Amino acid sequence: MTAFDYSRFGLVAGGVLQRNVKRLNRALASGMRPPKRMNVSEWAKEFRYFPDDAAIPGKWRHETAPELVEIMDALSPHDPCEEAVVIKCAQSGGSASAENWLGFISDQAPGPTLFVQATAKAATAWAAEKFWPMVEASPQLNPERGGTIRAQGLANGDGSTTEKILFSRTGSGSYILLAGANSAANLRQRTVRYAVEDDLDQFPSDLDGQGSPEGMIDERLKVWRSRGLSKRIKISTPTIKGSSKIGAAYAKSDRRRYYFKCPECGDRFVPHWEDIQWPEGRHEEAYMAPPCCGVERIEHWRKGSMKLQDGWLSDMIDGQPVPRVLSEADFQALRQRMPQSLKRGFHLPGEISTFQSWAEMAVGFRDAQGDISKLKTWTNLKRGIEFELKGDTPDYEAISALREQDWGRGNMPVGPVVTVLGADVQGDGIYIEVVGYAERSETWQLDARFIPGATDVKGQGAWADLDAYSLRGVTFPGGKIVPIDQECVDAGYHTEAAQAYCAKRPRRTPVYGRHGWNRPPIGRGEAIGFERQGRRVGAASKRIEDKAFLVGIDGLKLSWYGFLRSSLKAVTESVASGVPASSPVGRVHLGRDVPEDWPEQATAETIIVKMINGFPDRRWTPMAGRQNHYLDCRIYAMAAAAKLMLDALTEADWAQLRAERYAPKDPDQGDLLAGPLLSAMTAAKVEVEPSSPSGGGYIDVEEGYL
């Protein structure tokens, strides 16, 4: 081939043209050169930074959590793994691994990516709180430094948006689409190569009758998967055993466990909760007693030296179960025989977490004793394992043993310090229960009744009678009259009327009971409805009737039944031994005038397993022929106690409140039973707060009211 003659353009022009051609050749070669073969963990080590205000600022360091290296590397393009499953305790670094993968994708292997959280709001909140700070802190990603992510709000409209993050080095076909698992429209929009399913156990099992979100995401990956190019990661803390989505995904994987290396003998072992021990009554001094060499005590500060990057082994290799304790030689031999499976499962339990201590776990375990719901939360979040539901519905006929003879309806026994009210609204009236609380969630039923009347008109019928009842307050044994500290009123039936009742007085909250094993006892006001058509399809509804203070009924019912069972056990043992009954956490006291149908209603539900899209879903369901109104009242009363944050009170707080409220009646205090709560409220040191649908929720120990 004859060389091109640049000299015919002249000495100067020909030289410029030749230099330009050389630059063009280099640019063309650079564009055609395949990216450097790099693992995700290598990319994170070189390019990932945390902002200065992060808990651990600066460059990513594998030494902080070496157990994450193998998880990230499974997501590398040249690794045959198609799906990584991470079942974990809270704050264990699993989500950070996914963040590193997203940064890697934008830089090394661009492609359409779907990031799914339980709701679209949660997904955009993750981007604001986690992703964009990572982009700003990491020069390789920062758009202002020529990074791989396009900035938001560009004047030409070609930048990233709240719902879609664009990559700067590719065309419009590579991006991160943020979506909520509660919107079928969002999950059906794109064909994608990569997917992140974060907080998987909060995904619904069925979405608008169209199937599970997991199934929809699977369809979005189908084209790329058929070419062997797709990857996905599922991340979540687990929930109930048998119903946990992340638990089911982990069970279908190669189920890898992480092995510590003993600093004393050098053997490898899988740490279990039973290895965590503490001196009697001193949980904050917890340590590990390893199962390998008989060493009695390894302090927590040595945990970091026990964790190596090669710590993962499947629980089955060559069809044989892998022992929990292995010599180093046997461990490495099994590592060599472990297949590079397409579906890899990684368990990040609390025992190995860099970000929580064994003492923190032990103290949490101590504080959860006596409350099944708290124990479940501890098991899921601190240990990172599924919680197994045990125990049947308490026998309602046996509940009569909890009746006590020292007070009747309208009288206050000695013991309660704080009072709450739960109300269940029906078309022909309102069921209520007034409950007194003391330390350790001990409760006294002060009143339970049905208030008849229409409930569909604001301020009329049963609402007017409930308002008058509420204004009477409660009379403590010393004669002092104090308003009910917090009311939680069912707003799921006649919503506007319930909201009007709550807005009329302070310390009243309209609530909606919602299923969900990880829901808090009471959450902040949030959307419960979503737009189903138009441009805002899938977005949170703005209608007032679709806003609610959601009550996590599943966990509260679990606690309630546990409190009943432990109370019955204490009374039964007392009768058998002749010793006064003990007071376990959540001890339940009932008055002799408890409504005849209260025991049956208060235990009217049981957990039923239903199959939804081939997946077991455990739900509280009323038993045949049983009404559950008083059960709902008690659950809303428990939510009211949670809103007051009674578990945050110290012994000194309880003592001061008790002294204030049990003090003799102020002679200037009027009789609240005689009329409306007017001047008597001032004498009783009760402040009327500004009207608010959310009610009050604070403790003023000095003034002696909540």
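All values reported here derive from a predicted model rather than from experimental measurement.
In this structure, a donor-acceptor pair under 3.5 Å is absent between the side chains of Ser373 and Lys557. Side-chain contact annotation: Ser97 with Asn100, donor-acceptor N/O pair under 3.5 Å absent. With 3.5 Å as the limit, one finds a donor-acceptor pair spanning the side chains of Asp73 and Ser41.
The existence of a salt bridge linking Lys234 and Glu214 is confirmed by a sub-4.0 Å separation between a basic side-chain nitrogen and an acidic carboxylate oxygen. In summary, Glu67 and Lys307 engage in a salt bridge, as defined by a charged side-chain N under 4.0 Å from a carboxylate O. The pair Lys130-Glu99 fails the salt-bridge criterion, with no side-chain N (NZ, NE, NH1 or NH2) lying under 4.0 Å from an Asp/Glu carboxylate O. A salt bridge is absent between Lys59 and Glu46; no separation between the charged side-chain nitrogens and carboxylate oxygens falls under 4.0 Å. A salt bridge links Arg255 with Asp315: the distance from a Lys NZ or Arg NE/NH1/NH2 to an Asp or Glu carboxylate oxygen falls below 4.0 Å.
Under a 3.5 Å cut-off, the side chain of Trp560 and the backbone N or O of Gly555 do not form any donor-acceptor pair. The main-chain N or O of Ala118 is never found under 3.5 Å from a side-chain atom of Asp199 such that the two would form a donor-acceptor pair.
For Arg268 and Tyr259, the positive end is not near the middle of the six-membered ring at less than 6.0 Å and at most 45° from its axis.
Trp358 has its ring centre no less than 6.0 Å from the ring centre of Tyr287. Aromatic pair Tyr561/Trp620: centroids less than 6.0 angstrom apart.
A perpendicular orientation is assigned to the rings of Phe260 and Phe269, their planes being inclined by more than 60° (bins at 30° and 60°). Under the 30°/60° scheme for interplanar angles, the aromatic rings of Trp273 and Trp278 are found to be tilted. Note on ring orientation: taking the six-membered ring where Trp is involved, the planes of Trp43 and Phe47 are tilted (angle from 30° to 60°). The aromatic rings of Trp60 and Phe50 lie parallel to each other, their planes meeting at an angle below 30°, with 60° marking the opposite boundary.
Contacts of Glu573 classified as salt bridge (charged side-chain N to carboxylate O under 4.0 Å, His left out), with partners at least two apart in sequence or in another chain: none.
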